[in-house]
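Atoms within a ligand are numbered from 1 in the order they appear, just like the ligands themselves.
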Amino acid sequence: MKSGWLLWILCGWLLHTAPNCPAQEKAWMLGPFSKADTANPVLGPLPQTVFRCPMRNAMVAWEANHVFNPAVTIKDGKVYMLYRAEDTSGAAGIGAHTSRIGLAVSSNGTSFVRNRQPVLYPAADAARAFEWDGGCEDPRVVRAAEGMYVLTYTMWDRKTARIGVATSRDLQHWTKHGSIFSGRFRNQWSKSGAIVCALKNGQLTAVRINGRYWMYWGDTDIWLASSPDLIHWTPVLDSAGKLLPVLSPRKGSFDSNLVEPGPPAVLTDQGIVLLYNARNDDKAGDTTLPAFTYAAGQALLDARNPAIVKDRSAGYFIRPERPYELTGQYKAGTVFIEGLVRFKGKWWLYYGTADSKVAVAVAEK
Ligand SMILES: *[C@@H]1O[C@H](CO)[C@@H](O)[C@H](O)[C@H]1NC(C)=O
């Protein structure tokens, strides 16, 4: 008994001092995640890959500046990553460059072979007005039951961010379907669409709840939307007809400044587990984290009513620690989680580091 208590004290001490100590705040949470330090960062910018941009009608080094914010899925037993790549156009500053989405494939989760061409980018198509010249940003991908992949991403026209949706069968060739919202929400600022999925044959696959698909989205509060087909979405509103806030920032906490969905949400036996990104406030935040740090938490939502939060982690489960996470294009430090797969019997969580590179963390459960 005595040694048992000693172990607890030791573990408590370790938890307090070692940021990577495997421990889980709540039983329903995914993880604990350990960063793959020997392999990270798994993707960085490449100056030599060029493609002919149909908008500029010129060769562009489309991933020369930064690569970050990855989506992932499994196909033919391999990890397929769709990542945001920035060229060097535009002035210095966050979001000033044109973004396109590239594709990289890995047999072991850490070593990626990239396509030379981006797979989703601004072109003379129906989405042009929403995507030029800011571009296509921050993808999230899920598998639909029909063997179709559905990608949500930010269409950025430098005025309004809108979630766009695209579909593909091979992850190489994408069909754009434009803005997920129409009618009075067509010009709604929207970002970060995380569709509710469940593990089917080891694949995170979009699932219906109460006959519809569900998506968490937003980048101040987290909001909710539903859809009959994964392409056309309707926001969930409160009784006054306003967007219903599902998860909001908390004072004094790592998520005091904003909350924003991470990878696709996972329906488990205990409810829907939503891994979310959060920014720390400079005045009302967690004083142990630098102002405006992006760290990530987890929330548990009701499996029968995705608008109801049942529980929430008090603290973050991943935060910037390594040099490439602590600074980069985004100076305040970022682990921006966007990609999650079940691969080789583990969870693999892919994230953008300081808006500059891509890294991965792995969990047994
Ligand atoms: C992953 O695969 C690459 C290429 O095949 C190899 O060089 C690397 O060592 C592998 N990494 C691990 C952790 O197995």
Side-chain angles (χ1 to χ4, degrees), residues 18-24 29-51 61-85 100-119 139-143 149 151 168 170-172 199 201-204 262-264 266 275 296 317-326 328 334-365:
N20 237 0
C21 179
Q24 205 59 322
M29 289 170 66
L30 300 192
F33 286 91
S34 299
K35 293 173 180 173
D37 283 326
T38 52
N40 282 340
V42 296
L43 221 65
L46 281 184
Q48 66 270 29
T49 36
V50 292
F51 95 121
W62 59 279
E63 58 181 343
N65 210 0
H66 307 282
V67 301
F68 54 115
N69 295 5
V72 284
T73 189
I74 303 292
K75 184 174 177 293
D76 306 327
K78 293 180 178 164
V79 179
Y80 277 65
M81 180 196 292
L82 295 137
Y83 59 95
R84 173 176 172 188
R100 299 174 182 85
I101 293 173
L103 177 66
V105 182
S106 175
S107 328
N108 62 13
T110 54
S111 176
F112 283 86
V113 177
R114 306 191 212 188
N115 269 30
R116 295 191 68 81
Q117 307 253 326
V119 295
R140 286 164 179 79
V141 68
V142 301
R143 196 177 154 275
Y149 294 92
L151 185 89
S168 174
D170 62 6
L171 299 164
Q172 302 257 359
L199 272 181
N201 304 321
Q203 277 263 49
L204 279 180
V266 186
L275 278 55
F317 72 96
I318 188 168
R319 68 161 168 105
E321 298 160 288
R322 312 296 178 233
Y324 49 87
E325 297 168 348
L326 288 167
T334 306
V335 288
F336 198 84
I337 57 171
E338 276 201 35
L340 181 70
V341 282
R342 195 78 191 160
F343 181 59
K344 296 186 188 291
K346 296 176 182 175
W347 288 114
W348 297 62
L349 179 64
Y350 293 82
Y351 57 97
T353 65
D355 286 9
S356 290
K357 290 178 177 143
V358 174
V360 63
V362 184
E364 302 285 337
K365 78 160 197 76

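- Taking atom 10 (C) of ligand 1 as the reference point, the nearest protein heavy-atom neighbour is Asn108 ND2, 2.4 Å.
- Between Phe33 and Phe317, the two ring planes are tilted [angle within 30° to 60°].
- If you check which protein heavy atom lies closest to atom 13 (C) of ligand 1, you get Thr110 OG1, 4.0 Å.
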Which donor-acceptor pairs under 3.5 Å do side chains of residues 357-365 form with protein atoms, sequence neighbours excluded?
| unit_1 | atom_1 | unit_2 | atom_2 | d |
| --- | --- | --- | --- | --- |
| Lys365 | NZ | Ala27 | O | 3.4 |
| Lys365 | NZ | Met29 | O | 3.2 |

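- What sits closest to atom 4 (C) of ligand 1 on the protein, heavy atoms only, is Ser111 OG, 3.6 Å.
- Ring pair His66/Phe68 is perpendicular by interplanar angle, where above 60° counts as perpendicular and below 30° as parallel.
- Under the 4.0 angstrom criterion, atom 7 (O) of ligand 1 counts as lacking any protein heavy-atom contact.
- If you take CD on Gln117 and OG1 on Thr49, they are separated by 10.0 Å, rounding to the nearest 0.5 Å.
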